[in-house]
Amino acid sequence: MVSKYKPDVVEAKWRKIWTEQGADQLDMDKAERPFYNLMMFPYPSAEGLHVGNVFAFVGSDIQGRYHRLLGYDVFEPMGFDAFGMHSENFALKQGRHPAEMVPTNVERFREQQLKKIGLMVDWSREINTTVPEYYRWTQWLFVTLYKNGFAYKKKASVNWCPDCQTVLAAEQVIDGECERCSAQVTKKDLEQWYFKTTAFAKELLEGLDHINWSERTKTAQRNWIGRSQGAEIVFRIQNGPDFKIFTTRPDTLFGVTYIVFSPEHPLLDKITAPEQKAALTAYRDKTAKITEIDRQAEGREKTGIFIGAYAVNPINNETIPVWAADYVLMGYGTGAIMAVPAHDQRDFDFAAKFNLPLRQVISPDGRLLEKLNSAYTGEGTLVNSGRFDQLPTKEIASREVIRYLANQGLAETKTNYRLRDWCVSRQRYWGPPIPIIYCDKCGIVPVPEKDLPVFLPFLENYRPNGDEHGLSPLRRHEDFYHTLCPDCGGAATRETDVSDNFLCSAWYFYRYPSTEFNDRPFDVARLKKWLPVDLYVGGNEHAVLHLLYSRWLCKALHWCGILDFDEPYRRFVAHGLIVSEGAKMSKSRGNIINPDAYIDEFGADAFRMYLMFMGAYLEGGDFREGGVRAMKSFLDRLWLAILPSENGFDSTPLDDPETLYSLNSTIKAMTTDLARFSYNTAIARLMELVNHITKNQIKNKTVSEVVIRLLAPLAPHMAEELWQRLGHAETVFRGGWPIWDEAAVVRINVEYVIQISGKVRARMQLPAGLTQAEVEPLVFNNSSLARWLEGKTIVKKIHVPDKLLNLVVKPSQL
RNA sequence: GCGAGAGUGGCGGAACUGGUAGACGCACCGGCCUUAGGAGCCGGCGGCUGCGGCCAUAGGGGUUCGACUCCCCUCUCUCGCACCA
């Protein structure tokens with residue numbers, strides 16, 4: 001009797017062999033066909049590996065293994081993104097210290113979970129962002145960016161999470177809430193470190209046109225970068241200074257009936273009439289207190305105050321009132337707008353509320369409307385616009401208006417981006433200290449490279465300060481805080497903020513190929529050989545976080561001459577999201593899937609394959625309780641079908657055309673499917689082949705060896721075991737991906753569909769490869785068609801070779 | 001509101017450049033085997049039917065010999081952005 005498939009035994013055996021033989025390690029310098037297969041490294045939460053992580057990793061690992069079968073030297077590294085608020089917040093909740101908790105979690109992730117899912121990870125190159133050997137280089141990057149002018153410190157209105165007690169970058173505020181803890185984010189005026197992400201706004205946007213990325217990820221980045229084309233126009237305060245506004249509609253300049261400044265705009269201090277100063281201060285206080293959520297929820301209801309000043313419109317010298325209102329944002333454009341209520345809905349709403357006049361200057365038909373019920377934002381020609389009347393909007397009229405004013409130095413075309421600079425300071429403990437020293441004499445002094453890393457000191461109490469001035473826990477550590485100036489040797493103090501965790505993850509993939517070098521962040525030769533990353537698989541939730549930051553960093557380092565490429569990932573594939581029984585997984589629903597239990601019961605291979613089978617990988621899937629069991633029983637059947645019987649394999653040559661067809665068409669189809677990440681259909685095809693083999697009781701060594709190699713990327717442990725049992729001494733991953741015989745993919749007999757005027761009326765088994773002239777007589781001899789054709793005139797015949805013949809009958813006879 | 005994607009049996013989902021709609025699997029229903037089975041094997045499985053067929057891919061139009069696929073309109077859902085001038 002042939003033995004049964006025992007996943008626990010088989011998987012443990014191969015885990016051991018792979019480890020002992022270093023099967024997944026490779027010589028980084030000797031690799032001939034390097035393929036860098038990257039997956040997003042996890043943060044080692046105490047809850048353990050989530051089924052979503054497994055889904056992501058397995059989908060990536062299949063590509064790695066498939067490429068290895070294709071003959072590539074695949075580098076598939078793994079690490080731990082263990083600095084940051086996700087780890088620190090969890091430690092706080094557990095009442096533990098992150099320095100103690102993180103190593104424990106990492107150990108468990110690696111040994112108990114990651115190693116059990118059959119990833120071909122080279123563990124000799126593991127990364128942990130919290131160890132000094134790593135964060136030393138994170139700090140080096142900070143210093144390098146600073147020295148090249150990409151890091152600066154400024155006081156500005158920042159996003160503040162009152163629960164995490166730290167500032168956040170714009171990207172980390174999701175619908176007005178903190179990305180980590182979902183608390184409502186407020187604004188604070190604080191001095192913070194920023195990276196100049198906006199310096200590469202144009203490159204970040206245009207680079208998207210040249211990289212092979214999931215379209216939805218590119219779209220998300222395009223939206224976030226938010227390019228808009230317009231002009232800056234100079235207005236003047238009556239008896240006061242000039243100021244600029246940004247507009248995308250210069251063609252509506254004659255329709256301006258008032259001006260709005262953002263409440264935070266510094267010019268307001270100079271131009272506000274004395275009697276309105278108190279009102280302005282009150283309004284500023286009110287708007288500063290408002291949370292982002294309230295500000296958005298308030299959406300419809302506009303607020304603002306008249307500041308008692310007037311401005312002059314440069315196009316017609318009209319005098320118009322100046323207001324301050326929080327629907328104008330300081331961080332975009334110039335922080336001031338020209339309001340055209342007739343043609344902008346926001347201005348229309350504001351004007352309606354405060355009884356400000358409208359003037360229509362665009363008309364779809366050249367006539368003026370009696371009354372506008374809402375802003376007209378469509379196309380038309382200019383009216384009420386003096387010498388510009390009758391010009392068509394928007395391009396032509398805008399161009400003419402800009403040209404006219406530009407001659408007087410009062411306008412210029414301008415492209416604005418929505419993207420903001422990246423605020424990287426965090427008033428927290430668990431991160432790499434920002435390597436900056438403040439000296440009274442020398443000012444801001446970056447820590448010299450030889451003094452790196454700036455060690456994160458152990459703080460027994462690492463809780464955030466709860467300090468409204470945004471002071472960090474490290475400020476409480478006097479020995480850390482007080483230091484000497486590296487330049488003059490005088491007394492100085494350290495920066496006590498740590499940097500955003502997203503800086504750690506913005507460069508980790510450069511480090512993997514160079515982990516053995518401790519005198520440099522990455523080795524130039526290794527970079528040259530292995531980067532940019534060939535394939536990156538990950539979740540789309542990082543579209544405007546990690547994926548944007550790491551693209552920016554790559555461009556900055558390229559600019560500095562450190563990297564000779566300016567896009568980090570050749571290809572990025574965004575996988576889908578897993579739901580459970582049709583609902584989003586969440587703690588409150590109690591429907592979180594724990595991968596461990598399934599792996600223990602059915603084996604990692606069955607679990608891997610079920611995850612890949614339950615839906616389209618790029619769209620996500622629905623985890624159903626019974627699915628893993630069904631996959632296990634498929635593997636049981638495959639095991640029996642593939643192994644020889646007691647009598648061994650058949651010695652007769654394989655010549656059954658149906659079997660040859662089935663075998664070769666499966667290889668061909670699976671090859672296409674894997675390349676397209678269409679794992680569910682690849683598995684379906686493998687099932688069809690195995691069904692065919694079982695049904696026809698085929699015991700053929702060639703067939704078995706093909707099936708095993710097709711199975712290998714999906715179920716690596718089982719494939720290794722079967723391969724060995726068939727007498728191979730070497731790993732199946734050196735067996736090569738099977739190649740199909742195109743001649744065998746052609747069927748000998750095909751089923752023809754016979755249509756009468758497009759309706760299926762008969763099906764016929766016919767030899768493949770017939771011409772229309774050969775098919776027709778056979779079809780007309782088919783008696784079952786007679787009743788459909790009797791007395792009818794055929795006006796047209798359409799023949800699709802090997803597929804169908806459509807006889808079109810005169811329409812009047814139908 | 002802007003941008004992207006999607007809507008197919010009881011369910012998850014197939015269908016490449018227009019050419020057999022429902023592959024593969026789950027659930028369910030029969031049958032075999034069994035003391036028993038949450039095991040295994042065989043078969044059935046979109047709806048209606050006068051058993052000739054007819055109707056079915058969110059809804060409505062259109063192009064075509066032929067449409068899940070292409071075009072137009074409407075509806076619904078998911079995701080991203082959103083008082084960004």
Side-chain angles (χ1 to χ4, degrees), chain A residues 174-175 214-228 230 245-249 252 260 262 295-296 298-303 325-329 331-340 344-347 349-350 377 416-420 540-541 543-544 574 576-577 579 581-582 584 610 613-616 618-627 629-631 633-634 636-637 669 672-673 676 678 680-688 691 694 751-761 763 787 794-809 811:
Chain A
I174 314 287
D175 293 331
S214 291
E215 206 49 51
R216 59 198 171 112
T217 314
K218 294 208 263 190
T219 305
Q221 289 206 354
R222 285 195 186 102
N223 283 340
W224 185 260
I225 297 167
R227 177 187 150 101
S228 74
I245 59 92
F246 175 73
T247 179
T248 54
R249 295 294 305 274
T252 62
V260 186
S262 164
R295 192 169 168 138
Q296 282 162 23
E298 253 188 332
R300 305 297 100 196
E301 198 57 23
K302 298 263 186 294
T303 62
D326 70 354
Y327 82 92
V328 174
L329 309 170
Y332 188 77
T334 61
I337 62 149
M338 60 180 221
V340 186
D344 181 286
Q345 192 57 43
R346 296 153 301 183
D347 298 340
D349 295 340
F350 190 81
T377 55
N416 252 321
Y417 296 92
R418 221 189 55 91
L419 183 73
R420 308 291 158 82
N540 208 40
E541 67 273 15
V544 297
L577 200 76
V579 297
E581 311 283 334
K584 219 173 206 167
Y610 175 63
F613 184 65
M614 67 190 184
L618 304 182
E619 273 143 47
D622 190 0
F623 192 95
R624 303 257 156 180
E625 188 65 29
R629 178 183 304 278
M631 191 56 74
S633 69
F634 165 68
D636 286 338
R637 275 186 289 125
T672 326
D673 286 346
R676 295 189 316 189
S678 188
N680 53 340
T681 54
I683 293 169
R685 268 148 184 158
L686 188 62
M687 286 172 166
E688 285 176 289
N691 289 346
T694 313
E751 187 176 61
Y752 259 79
V753 170
I754 315 302
Q755 297 183 332
I756 310 289
S757 293
K759 295 246 178 208
V760 180
R761 293 306 180 199
R763 293 159 203 271
R787 44 184 286 253
I794 295 171
V795 294
K796 202 171 178 183
K797 300 168 196 160
I798 287 143
H799 178 244
V800 182
D802 288 347
K803 282 197 173 142
L804 123 172
L805 185 72
N806 187 5
L807 305 170
V808 184
V809 167

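Predicted model only: the values in this text are computed from it and were never measured. Order of the sequence lines fixes the chain letters, A, B, ..., with proteins taken first and strands second; residue numbering starts at 1 for each chain.
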key: Between B:rA15 and B:rC24 - P atom distance, rounded Å   = 13 Å
ask   = Choosing from B:rA85, B:rG19, B:rC83, which nucleotide comes nearest the side chain of A:Val800?
value = B:rG19
message = If you only use heavy atoms from C-beta on, which nucleotide in B:rA85, B:rU20, B:rG3 is closest to the side chain of A:Val753?
response = B:rU20
Show the distances under 3.5 angstrom between N or O atoms of the protein and N or O atoms of nucleotides 64-67 of chain B.
residue : atom : partner  : partner atom : Å
B:rC65  : OP1  : A:Lys796 : NZ           : 3.2
B:rC65  : O2   : A:Asn806 : ND2          : 2.3

query = A:Asn691 has an atom CG; how far is it from atom P of B:rC24, in whole Å?
reply = 8 Å
inquiry  = Base, sugar-phosphate or nothing for A:Lys218? Non-hydrogen atoms, less than 4.0 Å.
reply    = nothing
query = Counting any heavy atom closer than 4.0 Å, what does A:Arg763 reach on the DNA or RNA strands: base, sugar-phosphate only, or nothing?
reply = base
ask   = What's the CG-P distance between A:Asn223 and B:rA4, to the nearest Å?
value = 9 Å
ask   = What distance, rounded to whole Å, do you find between the two C1' atoms, one in B:rC26 and one in B:rG5?
value = 27 Å
ask   = Under 4.0 angstrom, heavy atoms only, what part of the nucleic acid is A:Ser633 near: base, sugar-phosphate, or nothing?
value = sugar-phosphate
request  = Sequence neighbours left out, what passes side chain to side chain contact (heavy atoms under 4.5 Å, CB included) with A:Arg418? Give chain and number order.
outcome  = A:Trp224, A:Tyr332
remark   = Winner on side-chain proximity to A:Lys302, out of B:rU20, B:rC83, B:rC24, is B:rC83
message = Given B:rA85, B:rC26, B:rG12, identify the nucleotide with an atom nearest to the side chain of A:Ala630.
response = B:rC26
inquiry  = Work out how far the P atom of B:rC16 is from that of B:rG10, and round it to whole angstrom.
reply    = 23 Å
key: Between B:rA39 (P) and A:Arg637 (CZ): distance, integer Å   = 13 Å
ask   = So, the side chain of A:Asn806 versus the backbone of A:Gly758: is there a donor-acceptor pair under 3.5 Å, distance only?
value = yes
task = Among the candidates B:rG53, B:rG80, B:rG12, find the nucleotide nearest to the side-chain atoms of A:Ala220.
result = B:rG80
query = Would a distance-only check, ignoring hydrogens and angles, find a side-chain to backbone donor-acceptor pair under 3.5 Å from A:Arg216 to A:Ala574?
reply = yes
task = Identify the heavy atoms of A:Tyr327 and A:Ala339 that sit nearest to each other, and give their distance.
result = OH-CB, 4.4 Å
key: Nearest to side-chain heavy atoms of A:Thr681, which nucleotide of B:rC54, B:rA85, B:rA14   = B:rA14
request  = Classify the nucleic acid contact of A:Asn540 as base, sugar-phosphate or nothing, counting any heavy atom under 4.0 Å across all strands shown.
outcome  = nothing
Ion pair check, A:Arg249 and A:Asp344, cut-off under 4.0 Å = no
Heavy-atom closest contact (A:Ala682 atom, A:Asp673 atom, distance) = N-OD2, 3.3 Å
task = Indicate, with a heavy-atom threshold strictly under 4.0 Å, whether A:Arg685 touches base, sugar-phosphate, or nothing.
result = nothing
request  = Write down the atom of A:Ile756, the atom of A:Arg761, and the distance for their closest heavy-atom approach.
outcome  = CG1-CG, 3.2 Å
task = Have a look at B:rG31 and give me syn or anti from its glycosidic angle (syn if within 90° of zero).
result = anti
query = Quick one: does A:Tyr417's side chain have a donor or acceptor within less than 3.5 Å of a partner on A:Ser228's backbone?
reply = no
Integer angstrom distance from the C1' of B:rG13 to that of B:rG7 = 13 Å
request  = For the side chain of A:Arg418, starting at C-beta, report the closest nucleotide among B:rC54, B:rC81, B:rA14.
outcome  = B:rC81
query = Say you pick atom P in B:rG19 and the same atom in B:rA67; how far apart are they, in whole Å?
reply = 11 Å
ask   = Could you give the CG-to-P distance, from A:Asp622 to B:rU8, as a whole number of Å?
value = 14 Å
A:Ala616 side chain, from C-beta outward: closest of B:rA14, B:rA85, B:rG25 = B:rA14
ask   = Heavy-atom distance under 4.5 Å between the side chains of A:Leu804 and A:Gln755, does that happen here?
value = yes
request  = Tell me the stems RNA chain B sits in, counting at least three consecutive Watson-Crick or G-U wobble pairs, each under 3.5 Å on both distances.
outcome  = B:1-7 with B:75-81, B:10-12 with B:24-26, B:28-32 with B:40-44, B:46-48 with B:53-55, B:58-62 with B:70-74
query = When we call it a touch if two heavy atoms are under 4.0 Å apart, what does A:Arg227 touch: a base, just sugar-phosphate, or nothing?
reply = nothing
key: Presence of A:Tyr327 side-chain N/O under 4.0 Å of B:rA85 phosphate oxygens OP1/OP2   = no
task = Figure out the CD1/C1' separation between A:Ile225 and B:rG80, and round it to whole Å.
result = 13 Å
query = Which whole-number value in Å describes the distance from A:Met687 CE to B:rG13 P?
reply = 15 Å
inquiry  = Between A:Gly335 and A:Ala684, which residue's closest nucleotide on RNA chain B lies nearer the 5′ terminus?
reply    = A:Ala684
task = May I ask you to say what A:Phe613 touches in the nucleic acid, namely base, sugar-phosphate or nothing, with a heavy-atom cut-off under 4.0 Å?
result = base
key: Among B:rA85, B:rC16, B:rG53, the one nearest A:Arg676 by side-chain distance   = B:rC16
query = Is there a donor-acceptor pair closer than 3.5 Å between any side-chain N or O of A:Tyr610 and the backbone N or O of A:Ala630?
reply = no
query = What's the CZ-P distance between A:Phe634 and B:rC26, to the nearest Å?
reply = 11 Å
inquiry  = Rounding to an integer number of Å, can you tell me how far A:Arg249 CZ sits from B:rA85 P?
reply    = 12 Å
request  = Using the P atoms only, state how far B:rA4 lies from B:rU8, rounded to an integer number of Å.
outcome  = 22 Å
query = Expressed as a whole number of Å, how far does the C1' atom of B:rG61 sit from that of B:rG52?
reply = 32 Å
message = Quick check against the 3.5 Å criterion: does A:Thr334 have a side-chain atom that pairs as donor or acceptor with the backbone of A:Ala336?
response = yes
Check: A:Ala543 main-chain N/O paired with A:Thr217 side-chain donor or acceptor under 3.5 Å = no
ask   = With a non-hydrogen cut-off below 4.0 angstrom, is A:Glu751 in contact with a base, only sugar-phosphate, or nothing?
value = base
task = Report yes or no: is the cationic atom of A:Lys302 (NZ for Lys, CZ for Arg) closer than 6.0 Å to the six-membered ring centre of A:Phe350, at no more than 45° off its axis?
result = no
inquiry  = Using atom P in both nucleotides, what's the gap between B:rC54 and B:rA21 to the nearest angstrom?
reply    = 12 Å
note = Regarding B:rG59, purine or pyrimidine glycosidic angle vs 90° from 0 gives anti
